[in-house]
Protein chains: 2
Amino acid sequence: MKISELASIAQVSVKTIRYYEQIGLLSAPIRASNGYRHYQEKDIETLVFIRRCRELNIGLDDIKRLVDTQQDPKSSCALVDNIIAEQLARIQQTQRELALLEQSLAALASCCQSQQIQDCSILQTLKSS
Amino acid sequence: MKISELASIAQVSVKTIRYYEQIGLLSAPIRASNGYRHYQEKDIETLVFIRRCRELNIGLDDIKRLVDTQQDPKSSCALVDNIIAEQLARIQQTQRELALLEQSLAALASCCQSQQIQDCSILQTLKSS
DNA sequence: GTAAAGGTTACAGTCACTGGAAGGTCAAGT
DNA sequence: ACTTGACCTTCCAGTGACTGTAACCTTTAC
C-alpha cells in the first residue's frame, strides 16, 4: 500500500510517517519503480503501536526501545515494565507541578479588583512575591 | 551593573537574558565603551517579573503582552485578567488530559504478569487496544 | 491535453532556551 | 611585561516532535 493509505488506516499523517522513517523509528519500506514507498500489512501494526504510545505521551526514544524490544523475541518483559513505570512516574510528577501552578494562578486570577493598571494586584504580586 | 550581576540577582541565566533581548522581551540596555551591556535597577524588576511568569508556565508572547501592559499606564486591567484566566484554563485542560493518561498508563503497568516478551500483555494491549 | 491529486526531496520554522566556538576585555598575581 | 582566568561579545547549531512550504515528478480522470 502507498503512504497515504497507510497514513489513513493508522491515523498518522503522511509527514509523520516519513519523519519516523528518517529518524529510524520506522524501517524504510521497499520502493516501487517510480520511487513511491510501498508498505506491508505489518507496518500498520507497528505504526498503530507507535501512535498509541504517542497518545500516552511516551517519547520517541522510549518508543524506539519498545519497538526494538518487541522485535527481539529473546528480550525481557522487565524492560517494557520499566519504560511504562518511568512514564507513569513522569506523568505523576507533572501532575503535582501543575497542581501547584494552578493554585498560584487561581490565587492571582481572583485577587485583582482594580480597574487601573497602576493598582492591578496581579501585576503587583508578580513583581514582588 | 553587568549582565552576570543582573543574572545572579534575578536568578536568570546570562544566556537567557541575551535571548530575551534578542526576541524583544527585554529592551536593549546601554553599552559601555567596551561593548558590555550595562543594566539599571529597573531591569531587575522586569526580569524578576518575567521569571515569575515563566515559573507559572506563561508563554513568552503572553509575558510580552503583560510587560507591555505594565509599561502603558493607560491600559486596562482586564487584559491582564484575561491572560491569567487563559493560562489557568490551559493548565486545567492539561490536568484533565494528564489524568486520563495516568489512568491508561497505570492500567498498562499493572497488567503484565508474563516473563516472555511474546506474551507481554503491555505490548499486546498497545498493539490492539 | 490538461488539471487535480498524490508522490518525492530538502529546507525552514515552531518554543524557550542551551551549548559551543572564536574572539575581545579586564583584574590580579608573578 | 606577561600570563592566567574570569567575564564579555557575536554567531551558529541543537533540542522534540513534528509541521509548513517549495519545487518537482507521477498517476489518474475527464
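Excluded from the calculations below are hydrogen atoms, water molecules and symmetry mates; all remaining heavy atoms, backbone and side chain alike, are included.
- Whole-Å rounding puts the B:Glu5 CD to C:dA27 P distance at 14 Å.
- Checking the phosphate oxygens (OP1, OP2) of D:dA6, no side-chain nitrogen or oxygen of B:Ser4 falls inside 4.0 Å.
- If you take CD1 of A:Ile30 and P of C:dT8, they are 13 Å apart, rounded to a whole angstrom.
- Residue-level contact check: A:Ile3 touches the backbone only, with heavy atoms under 4.0 Å from sugar-phosphate atoms and none from bases.
- Put simply, the side chain of B:Asp43 does not reach to within 4.5 Å of the side chain of B:Leu26, judged on heavy atoms.
- Contact annotation: B:Arg18 side-chain N/O to C:dC17 OP1/OP2 distance is not under 4.0 Å.
- Distance alone, capped at 3.5 Å, places no donor-acceptor pair between the B:Arg51 side chain and the B:Val12 backbone.
- The neighbour count for A:Gln93 CD, taken as heavy atoms of other residues, nucleotides or ligands under 6.0 Å away, is above 12.
- As rounded to whole Å, 16 Å separates atom P of D:dT27 from atom CZ of A:Arg37.
- The shortest distance between the side-chain N/O atoms of A:Ser13 and the OP1/OP2 oxygens of D:dT19 is below 4.0 Å.
- Inspection of the A:Gln87 and A:Arg90 side chains reveals an N or O donor paired with an N or O acceptor under 3.5 Å.
- Taking atom CD1 of A:Ile17 as the reference point, atom P of D:dA17 lies 17 Å away to the nearest angstrom.
- Neither OP1 nor OP2 of C:dT8 sits under 4.0 Å from any side-chain N or O of A:Asn34.
- Checking the phosphate oxygens (OP1, OP2) of D:dA17, no side-chain nitrogen or oxygen of A:Thr16 falls inside 4.0 Å.
- Atom CG of B:Leu6 and atom P of D:dC7 are 15 Å apart (whole Å).
- Taking atom CG of A:Leu47 as the reference point, atom P of D:dC18 lies 11 Å away to the nearest angstrom.
- Mapping A:Ser33 and A:Tyr20 onto DNA chain D via the closest heavy atom, the residue that lands nearer the 5' end is A:Tyr20.
- Put simply, CD on A:Gln22 is 10 Å from P on C:dT9, counting in whole angstrom units.
- Within the 4.5 Å cutoff, no side-chain heavy atoms of B:Leu47 are placed close to those of B:Tyr39.
- Mapping B:Tyr36 and B:Arg54 onto DNA chain C by nearest heavy atom places B:Arg54 closer to the 5' end of the strand.
- Between the side chain of A:Tyr19 and the base of D:dG16 there is no donor-acceptor pair of N/O atoms closer than 3.5 Å.
- One cannot find a donor-acceptor pair under 3.5 Å joining the base of C:dG7 and the side-chain atoms of A:Lys2.
- Atom CD in A:Glu55 sits roughly 11 Å away from atom P in D:dC18 (whole-Å rounding).
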